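First up is the structure itself, then whatever we jot down about it.
It should be emphasised that the depicted structure is a prediction, and the values quoted were computed from it without experimental measurement.
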Amino acid sequence: MGEIVFQNTLSGRKEAFTPLHAGDVRMYTCGPTVYDFAHIGNFRTFVFQDVLRRFLRARGFRVRQVMNLTDVDDRIIQNAAAAGAGIREYTDRYIQAFLEDMRLLHLEMPETLARATDHIDDMAALVAQLLENGFAYRSDGSIYFRIARFPCYGALSKMDFSGIQAGARVDVDRYEKDDARDFALWKEHKPGEHFWETRIGPGRPGWHLECSTMALKYLGPTLDFHTGGVDLVFPHHENEIAQSEAATGQPFVRYWLHAEHLLVNGEKMSKSAGNFYTLRDLFARGHRPSAIRFLLASVPYRRQLNFTFEGLEQAASSVERLRNFAARLREARLADSGAPDSGAPFAPRIVEAEARFEAGLEDDLNTAQALAAVFDLVREINTAIDRGEFAAADAAAALAFLGRFDAIFAVLGGDDLETLRALGYAESGAPLADDDVAARVRERREARQRRDFEAADRIRRELAERGIILEDLKDGTVRWKRT
RNA sequence: GGCGCGGUACCCAAGAGGCCAAAGGGGGAGGUCUGCAAAACCUCUAAUCGUGGGUUCGACUCCCACCCGCGCCUCCA
């Protein structure tokens, strides 16, 4: 297998990947702010980081990933207060929803899921350290990071701050800062607002603090990967670098990877714009988790992805094609065609397809290219099966490759309809049991044998209404599947 | 204005000097198979790869200019 390269935001270039510690990958992912349900724009980024960690794991790396859950910020404090709930109570609900969404989209669980409010003391300790070594200062009850002490500031976002003169006392908002660029590490306690009593005094953490704190705590001073959406490059990640490196004196992150935005009608999907869909919105319209995941994963992460329902339906068709193929392979393997034992003529082609699949992913997770390799093989094998030139041995190998494909894309497994039904989104009532379907299939076969096609078609129609699709195969047997 | 990502067929999208008279998916048209379907397969569906210059033996791919979309520069995946 070839070298893996990633586009590193810090250098602005593609760089070959080698982990800091051989065989061991440490990655941090900016998770959701749990003041509401996450929307599919958010999940675009989460699917991307999931593909990344799955790919790395498939390559044999041990992955240790931390994802934060931001359960304290201005909105949460306001919303919780408005709802007459505690912060914890208020955010619990959205955390549960987020975890459920993760499961539905087949997002692997990070090794550590870290809740900000569980780390207040750790954050205070980090701030105390920054106060001690002169990178932070107190002003009007709040504590700020002193950018002037950190010359590399702006390296990630490539922003030029020379226009803003350091040292001048600038009045921004209601805060008193020494320098307009300085950002809040710790916000003063205001009457009536939620606060924590800590070694650095009462108050609440600034936005950026939690990520630095939890990353350093669980992963050490230097991480291999830090992922998030492009909108986090500035100021969030820039500030994380400042805080972390000021505290440790060591490079914080080796590879910064940022996912481009999901657009809707050509505009960024966002809560504030109101142009967003949650997973639940899409489920309610009958769309499936596998199609959503496929859509989000199929466009390489560094490209903006314009979300449309047409696109979602196209993704569903693609998944269907792959699932049909998998079903066909399983049959081919069982059937053991009895063809003259010609070994496994497709073996070289499968190896080749897999190499192309891997090469796509190695190139900065080019999922579109990886998928092309898969679909090419699908077509070739389908053709061979049609011609009766496909051996059982090949089916096993193809199925194994498909398994490796799905270890990354995770769209073949699971019963979408069951999932939706369990959540109360599926249209039809109780699913038909396998035995019942089999009985009706038998009934239909008898009808067909006496050439009573009217009765046969009626049964097929009835089953279709219950979400069962029948396929008459050449050998007279019937394959069926649930839609 | 600064920084960044884009503009490739009806839709999504790969490719980034010759292997491209441009992958793959979806859709559409025709056909094969079938009692009918479904699935699958076959054929067709890009001759300005945003526009105009330039470099080169050769450019979708490099350079310059311009036009258009999106994002960040304030909370945001």
Side-chain angles (χ1 to χ4, degrees), chain A residues 7 9 12 29-33 35 38-49 70 73-75 154 156-163 172-173 207 227-236 238 258-263 265-273 276 294-295 298-308 310-325 327-328 356 360 363 366-387 448 451-454 456-457 460-461 464 469-474 478-481:
Chain A
Q7 174 79 19
T9 307
T29 296
C30 278
T33 302
Y35 70 106
H39 58 66
I40 55 170
N42 299 319
F43 282 111
R44 202 271 166 109
T45 302
F46 297 133
V47 167
F48 144 65
Q49 60 79 30
T70 301
D73 81 335
D74 291 348
R75 285 165 304 191
L156 183 71
S157 55
K158 282 141 191 82
M159 299 222 292
D160 180 9
F161 293 92
S162 57
V172 178
D173 297 331
W207 173 32
T227 68
V230 283
D231 50 355
L232 297 185
V233 173
F234 188 87
H236 186 52
E238 198 73 72
H258 291 99
E260 257 299 346
H261 285 137
L262 184 80
L263 310 181
N265 292 326
E267 305 269 307
K268 174 182 171 183
M269 178 175 285
S270 73
K271 281 284 158 56
S272 49
F276 62 91
F294 186 93
L295 176 65
S298 62
V299 176
Y301 76 95
R302 291 183 55 260
R303 282 187 72 108
Q304 294 177 338
L305 193 172
N306 190 26
F307 174 83
T308 60
E310 190 190 355
L312 186 53
E313 275 150 29
Q314 292 181 359
S317 300
S318 299
V319 172
E320 191 60 22
R321 179 167 168 78
L322 292 171
R323 289 189 174 193
N324 285 336
F325 177 64
R328 232 183 159 192
R356 197 148 72 90
D363 185 10
N366 190 332
T367 48
Q369 205 167 70
L371 283 171
V374 174
F375 279 108
D376 271 336
L377 186 69
V378 168
R379 180 174 23 74
E380 287 169 34
I381 290 181
N382 270 328
T383 302
I385 294 176
D386 278 1
R387 291 184 184 153
R448 289 180 76 207
R451 301 195 69 79
D452 180 356
F453 295 122
E454 212 170 296
D457 289 348
R460 177 159 57 202
R461 250 192 328 272
I469 301 292
L470 303 185
E471 296 177 22
D472 296 322
L473 304 184
K474 272 190 182 139
V478 173
R479 170 168 62 204
W480 62 270
K481 63 184 179 186

Exercise for review: Would you classify Arg387(A) as touching base, sugar-phosphate or nothing, given that sugar-phosphate means primed atoms plus P, OP1 and OP2, and contacts are heavy atoms under 4.0 Å?
Suggested key: nothing

Practice item. From the options rA77(B), rC42(B), rG35(B), select the nucleotide whose nearest atom is closest to the side chain of Asn42(A). Key: rA77(B)

Review point. Checking only heavy atoms, does the side chain of Asn306(A) share a donor-acceptor pair with the base of rC70(B) at less than 3.5 Å?
Key: no

Exercise for review: Have a look at Gly311(A) and say if it touches a base, only the backbone sugar-phosphate, or nothing, with a 4.0 Å heavy-atom cut-off.
Suggested key: nothing

Exercise for review: Classify the side chain of Gln314(A) versus the base of rC11(B) as yes if they form a donor-acceptor pair under 3.5 Å and no if they do not.
Suggested key: yes

Practice item. Determine the interatomic distance between C1' on rC12(B) and the same-named atom on rU55(B); round to the nearest Å. Key: 34 Å

Check your understanding: Are OP1 or OP2 of rA39(B) and a side-chain N or O of Asn324(A) less than 4.0 angstrom apart?
Key -> no

Study note, to complete from the structure: From the candidates rA14(B), rC73(B), rA39(B), the one with an atom nearest any side-chain atom of Asn366(A) is rA14(B)

Check your understanding: Using atom P of each nucleotide, how far apart are rC68(B) and rG30(B) to the nearest Å?
Key -> 42 Å

Check your understanding: How far, in whole Å, is rC75(B) from rG69(B) if one measures between their C1' atoms?
Key -> 24 Å

Review point. Once you round to the nearest 0.5 Å, how far does CE of Met269(A) lie from CD of Gln304(A)?
Key: 13.0 Å

**Study point:** Rounded P spacing from rA9(B) to rA47(B) in Å
**Key:** 10 Å

Check your understanding: With sugar-phosphate meaning primed atoms plus P, OP1 and OP2, does Gln304(A) contact a base, only sugar-phosphate, or nothing at under 4.0 Å between heavy atoms?
Key -> base

Check your understanding: Heavy atoms under 4.0 Å, any strand shown: does Arg75(A) hit a base, just sugar-phosphate, or nothing?
Key -> sugar-phosphate

Check your understanding: Any side-chain donor paired with an acceptor under 3.5 Å for Ser157(A) and Glu238(A)?
Key -> yes

Review point. Whole Å only: how far is the OH atom of Tyr301(A) from the C1' atom of rG71(B)?
Key: 16 Å

Check your understanding: Rounded to the nearest 0.5 Å, how far does CD1 of Ile40(A) lie from CG of Leu305(A)?
Key -> 8.5 Å

Practice item. Identify whether any heavy atom of Asp386(A) sits under 4.0 Å from a base atom; if not, whether one sits that close to sugar-phosphate; answer base, sugar-phosphate or nothing. Key: base

Exercise for review: Starting at atom CG of Leu470(A), determine the distance to atom P of rA40(B), rounded to an integer number of angstrom.
Suggested key: 16 Å

Check your understanding: On a whole-Å scale, what distance lies between the C1' atoms belonging to rG7(B) and rU45(B)?
Key -> 22 Å

Exercise for review: Give Ile385(A) one of three labels, base, sugar-phosphate or nothing, depending on what nucleic acid heavy atoms sit under 4.0 Å from its own.
Suggested key: nothing

Check your understanding: With a non-hydrogen cut-off below 4.0 angstrom, is Thr33(A) in contact with a base, only sugar-phosphate, or nothing?
Key -> sugar-phosphate

Check your understanding: Is a side-chain N or O of Asn366(A) found less than 3.5 angstrom from the main chain of Gln369(A), in a donor-acceptor match?
Key -> yes

Check your understanding: For the pair made of CD in Glu238(A) and C1' in rC3(B), what is the distance, rounded to whole Å?
Key -> 12 Å

Practice item. Just compare rA37(B), rA40(B), rA77(B) and give me whichever is closest to any side-chain atom of Arg328(A). Key: rA40(B)

Check your understanding: Looking across every strand, which nucleic acid part, if any, lies under 4.0 Å from Ser317(A) by heavy atom: base, sugar-phosphate, or nothing?
Key -> sugar-phosphate

Practice item. Could you give the distance separating rU51(B) and rU56(B) at their P atoms, to the nearest angstrom? Key: 23 Å

Practice item. For Asp457(A), report the nucleic acid contact type (base, sugar-phosphate, nothing); a contact means any heavy atom under 4.0 Å. Key: base

**Study point:** Closest to the Val299(A) side chain, choosing from rC3(B), rC12(B), rG26(B)
**Key:** rC12(B)

Point to revise | Base rA77(B) to side chain Arg44(A), donor-acceptor N/O within 3.5 Å cut-off | key: no

Check your understanding: Looking at side-chain heavy atoms only, is the closest gap between Arg356(A) and Leu377(A) below 4.5 Å?
Key -> no

Check your understanding: Has Arg303(A) got a side-chain N or O lying under 4.0 Å from the OP1 or OP2 atom of rC12(B)?
Key -> no

Exercise for review: Tell me whether the OP1 or OP2 atom of rC42(B) has a side-chain N or O from Thr383(A) closer than 4.0 Å.
Suggested key: yes

Point to revise | Along RNA chain B (nearest heavy atom to each residue), the more 5'-positioned of Phe43(A) and Glu320(A) | key: Glu320(A)

Check your understanding: Rounding to a whole Å, what distance do you find between Arg323(A):CZ and rG25(B):P?
Key -> 18 Å

Practice item. Answer yes or no: is there a donor N or O on one side and an acceptor on the other, between the side chain of Glu471(A) and the main chain of Val478(A), under 3.5 Å? Key: no

Using nucleotides 20-24 of chain B, report all nitrogen or oxygen pairs with the protein that are shorter than 3.5 Å.
from, atom 1, to, atom 2, distance (Å)
rG24(B), OP1, Arg379(A), NH2, 3.3

Check your understanding: What nucleic acid atoms does Leu473(A) come within less than 4.0 Å of, heavy atoms only: base, sugar-phosphate, or nothing?
Key -> nothing

Check your understanding: How is Phe453(A) classified with respect to the nucleic acid when contacts are heavy atoms under 4.0 Å: base, sugar-phosphate, or nothing?
Key -> base

Review point. Which part of the nucleic acid, if any, lies within reach of Lys268(A) when heavy atoms closer than 4.0 Å are counted: base, sugar-phosphate only, or nothing?
Key: base

Check your understanding: Atom CZ of Arg451(A) and atom P of rC36(B): how far apart are they, to the nearest Å?
Key -> 10 Å

Exercise for review: Please state the C1' separation for the pair rA16(B) and rC60(B) - nearest whole angstrom.
Suggested key: 8 Å

**Study point:** Whole-Å gap separating C1' (rC70(B)) and CZ (Phe307(A))
**Key:** 18 Å

Point to revise | Asp363(A) CG to rG15(B) C1', straight-line distance once rounded to whole Å | key: 11 Å

**Study point:** Those residues that, when tested against Glu380(A), pass salt bridge (charged side-chain N to carboxylate O under 4.0 Å, His left out) (two or more places apart)
**Key:** Arg349(A)

Check your understanding: Given that both pair distances must be under 3.5 Å and the pair must be Watson-Crick or G-U, what runs of three or more consecutive pairs involve RNA chain B?
Key -> B:1-7 with B:67-73, B:10-12 with B:24-26, B:27-32 with B:40-45, B:50-54 with B:62-66

**Study point:** Integer-rounded Å distance: rA77(B) C1' and Phe276(A) CZ
**Key:** 14 Å

Review point. Given that Arg448(A) and Ile40(A) both sit by RNA chain B, which one's nearest nucleotide is further toward the 5' end?
Key: Arg448(A)

Review point. Looking only at atom P, what distance separates rG27(B) and rA39(B), rounded to whole Å?
Key: 9 Å

Exercise for review: Would you mind telling me which of rA77(B), rG4(B), rU74(B) lies closest to the side-chain atoms of His39(A)?
Suggested key: rA77(B)

Check your understanding: How far does CZ of Phe375(A) sit from CZ of Phe325(A), to the nearest 0.5 angstrom?
Key -> 10.5 Å

Review point. Backbone N or O of Phe46(A) within a donor-acceptor pair of the Gln49(A) side chain at under 3.5 Å?
Key: yes

Review point. Which part of the nucleic acid, if any, lies within reach of Glu313(A) when heavy atoms closer than 4.0 Å are counted: base, sugar-phosphate only, or nothing?
Key: nothing

Check your understanding: Do the side-chain N or O atoms of Arg321(A) get closer than 4.0 angstrom to the phosphate oxygens (OP1, OP2) of rC41(B)?
Key -> yes

Practice item. Answer yes or no: is there a side-chain heavy-atom contact under 4.5 Å between Leu371(A) and Phe294(A)? Key: yes

Practice item. Quick one: label Thr308(A) by what it contacts on the DNA or RNA (base, sugar-phosphate, nothing), any heavy atom closer than 4.0 Å. Key: nothing

